[in-house]
Amino acid sequence: METQKTLFADAMTRLDDALEHVDISADAIERLKFPKSSLSVSLPVRMDDGSLQVFQGFRVRYDDTRGPTKGGVRFHPGVNLDEVQSLAFWMTFKCAALNIPFGGGKGGITVDPKALSKLELERLSRAYIDAIADFIGPDVDIPAPDVYTTPTIMGWMMDQYSIIRRQQCPAVVTGKPIALGGSLGRDTATATGAFYTIEALAPKFGLDRGAATVAIQGVGNAGSVLARLLFEAGYRVVAVSDSKGGVYDPKGLDIPAVQNFRERNRRIEAVYCEGTVCNTVGGQTIGNDELLTLDVDILIPAALENQIVAENADRVRAKYIFEVANGPVSAAADRRLNARGIPVVPDILVNAGGVTVSYFEWLQNRSGLYWSLEDVDRRLKQNAIAETEKIWQVARERNIPLRTSAYVHALRRLGEALEAKGTRHYFAS
């Protein structure tokens with residue numbers, strides 16, 4: 001059985017693996033082992049029935065050596081400081097790997113947002129900004145959407161910060177509605193960036209669009225868009241799931257039909273059991289655990305962290321794994337998959353489209369000049385493919401897994417920035 005460790009301790013093992021293949025100063029290594037700052041806040045919210053409920057909120061700024069910290073805000077019952085710190089750590093390396101001039105940050109609130117009314121959700125979002133306003137800012141730390149946070153919620157947060165500062169501050173938050181300074185393409189950026197990464201690596205893996213089979217665990221904002229992009233490109237998407245279950249058809253799913261049904265019925269597992277959709281697309285119900293063990297070419301975990309662990313890693317039959325979620329494969333599972341010859345393309349590369357276009361949104365907010373969707377997409381594609389190629393080359397040259405390669409690639413940039421401020425070698429000379 002896999003030894004239980006904190007999510008952050010598990011995340012740090014990836015740093016240790018990469019340090020064996022890169023030469024950076026001991027000072028830089030020491031700095032990267034600890035977050036710059038962490039904040040825990042209590043958020044009292046007046047509920048619709050008049051009662052008062054207090055929620056726990058967090059914000060972590062992990063490293064700002066290469067620029068202001070950047071990272072999403074997660075609304076989920078499982079949010080805790082260890083998770084937020086781990087996500088901020090990953091974001092630090094994600095920004096460096098994609099050469100985005102940001103550091104890593106993350107935030108979250110321990111809450112089931114589905115249990116709140118829209119007015120309660122707005123009060124909670126504004127209360128969070130009231131509590132962390134001195135901790136964030138366009139040149140300090142920039143929140144963005146994450147699990148169960150939306151453009152509307154980002155708009156509330158930006159508006160509340162602007163009220164506190166008594167001036168318009170659109171660049172303090174990204175992922176906003178277009179009418180409030182959001183960027184075209186931001187809502188689909190994570191999926192679009194993942195699609196470009198898959199397209200760049202598929203030929204290297206010997207995968208053909210028309211024949212490759214795909215299973216996607218988690219069809220939220222990123223997973224659902226990615227399923228459609230892959231379907232439209234000719235990949236055979238055979239299984240998709242949400243938190244309640246999923247559907248499977250070895251001949252391939254009609255993704256538009258599945259998504260239309262889910263939008264109407266708010267779940268997937270009943271797609272093939274009700275109404276005309278059942279008669280149209282066929283298939284069978286499947287659980288999330290079962291989906292992870294399907295015999296497919298590409299497995300895409302796009303839900304939450306630690307979905308593939310030591311206990312189920314040996315049952316994974318996919319040929320390749322692309323991590324769209326943050327940290328869906330544990331370090332212990334990584335080792336088992338590597339030993340079996342199953343490449344894992346890491347989250348800090350695959351899901352970096354979101355922070356890339358968040359950076360574009362921040363640039364547009366700061367300049368007051370807004371780009372077309374074509375410009376955003378072109379810049380995103382160019383950056384995603386270029387950095388994927390670099391990480392692939394590092395893996396080939398050093399004969400290391402793609403995850404280790406991505407961390408080595410990021411560490412080189414982080415090390416250069418940290419060393420530019422002076423290290424023991426400089427001060428002792």
Side-chain angles (χ1 to χ4, degrees), residues 11-24 28 32 63 65-66 70 87 89-104 189-207 222 226 298-302 318-329 331 333-335 337-338 341-359 379-418:
M12 287 296 292
T13 62
R14 276 60 188 269
L15 175 60
D16 294 335
D17 290 342
L19 287 173
E20 297 178 13
H21 303 279
V22 65
D23 182 22
I24 64 173
L32 290 170
D63 181 83
T65 307
R66 301 182 73 250
K70 184 82 185 70
L87 292 164
F89 169 85
W90 284 321
M91 184 62 78
T92 298
F93 284 85
K94 187 183 302 182
C95 290
L98 272 291
N99 204 22
I100 297 166
F102 284 146
T190 301
T192 306
F195 175 74
Y196 290 140
T197 300
I198 293 171
E199 284 282 89
L201 290 176
K204 302 180 189 301
F205 291 152
L207 295 174
L226 182 55
I298 297 173
L299 173 62
I300 299 175
K319 295 180 178 65
Y320 305 94
I321 297 173
F322 287 80
E323 294 183 321
V324 171
N326 288 304
V329 180
D334 242 349
R335 289 190 288 271
L337 294 168
N338 286 334
I342 301 176
V344 179
V345 188
D347 46 6
I348 65 170
L349 170 61
V350 180
N351 70 20
V355 70
T356 302
V357 179
S358 277
Y359 169 53
R379 294 169 190 261
L380 171 59
K381 182 176 182 179
Q382 181 180 17
N383 196 55
I385 292 176
E387 299 303 329
T388 297
E389 289 290 340
K390 291 174 185 176
I391 289 168
W392 172 261
Q393 288 303 321
V394 172
R396 297 268 292 182
E397 291 165 5
R398 294 183 170 269
N399 193 28
I400 54 178
L402 282 165
R403 186 189 308 281
T404 306
S405 172
Y407 276 85
V408 167
H409 187 54
L411 271 170
R412 288 172 175 170
R413 287 177 174 148
L414 286 164
E416 288 173 359
L418 287 162

Take T197 and N351 through the test side chain to side chain contact (heavy atoms under 4.5 Å, CB included) and record every step on the way to the result.
CA-CA 9 Å; T197 300; N351 70 20; over 6 Å; no
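- For R66 (side chain) and L414 (main-chain N/O), no donor-acceptor pair under 3.5 Å exists by modelled atom type.
- Residues A194 and V324 come closest through the heavy atom pair CB-CG2, 4.1 Å.
- Inter-residue side-chain proximity for F89 and L15 is flagged as met; some heavy-atom pair is nearer than 4.5 Å.
- In this structure, N338 CG and T404 OG1 are separated by 7.0 Å, a value rounded to the nearest 0.5 Å.
- Separating the CG atom in L32 from the OG1 atom in T92 is a distance of 7.5 Å, to the nearest 0.5 Å.
- In terms of heavy atoms, R403 sits closest to V344 at NH2-CG1, 3.4 Å.
- To the nearest 0.5 Å, the span separating CG on L207 from CD1 on I198 amounts to 10.0 Å.
- Nearest approach of G327 to D347, heavy atoms of both residues: N-OD2, 2.7 Å.
- In this structure the side chain of I400 never reaches within 4.5 angstrom of the side chain of E20, judged on heavy atoms.
- For the residue pair A222 and T190, the shortest heavy atom distance occurs at CB-CG2, 3.9 Å.
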What side-chain donor-acceptor pairs closer than 3.5 Å can you find for residues 383-391, not counting sequence neighbours?
unit_1 : atom_1 : unit_2 : atom_2 : d
N383   : ND2    : L98    : O      : 3.2
E387   : OE1    : H409   : NE2    : 2.8
E387   : OE1    : R413   : NH1    : 3.2
E387   : OE1    : R413   : NH2    : 3.3
E387   : OE2    : K390   : NZ     : 3.4
E387   : OE2    : R413   : NH2    : 3.4
T388   : OG1    : A384   : O      : 2.7
E389   : OE1    : K204   : NZ     : 3.3
E389   : OE2    : K204   : NZ     : 3.3

Any chance you could lay out the side chain to side chain contact (heavy atoms under 4.5 Å, CB included) test for Y320 and L402, step after step, and finish with the verdict?
CA-CA 11 Å; Y320 305 94; L402 282 165; over 6 Å; no
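- Every residue meeting the ring pair (Phe, Tyr, Trp, His ring centres under 6.0 Å) condition with Y407, not counting sequence neighbours, appears here in chain and number order: F93.
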Side chain to side chain contact (heavy atoms under 4.5 Å, CB included) evaluation trace for V394 with H21:
CA-CA 10 Å; V394 172; H21 303 279; over 6 Å; no
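- Looking at every heavy atom in both residues, I348 comes nearest to A406 through CD1-CB, 3.8 Å.
- Separation of atoms CG (L380) and OH (Y359) is listed at 13.5 Å; rounding is to 0.5 Å.
- Rounded to the nearest 0.5 angstrom, L201 CG and L349 CG are separated by 7.0 Å.
- Nearest heavy-atom pair across C95 and G103 is SG-O, 3.8 Å.
- How far CG of L299 is from CZ of F322: 10.5 Å, rounded to the nearest 0.5 Å.
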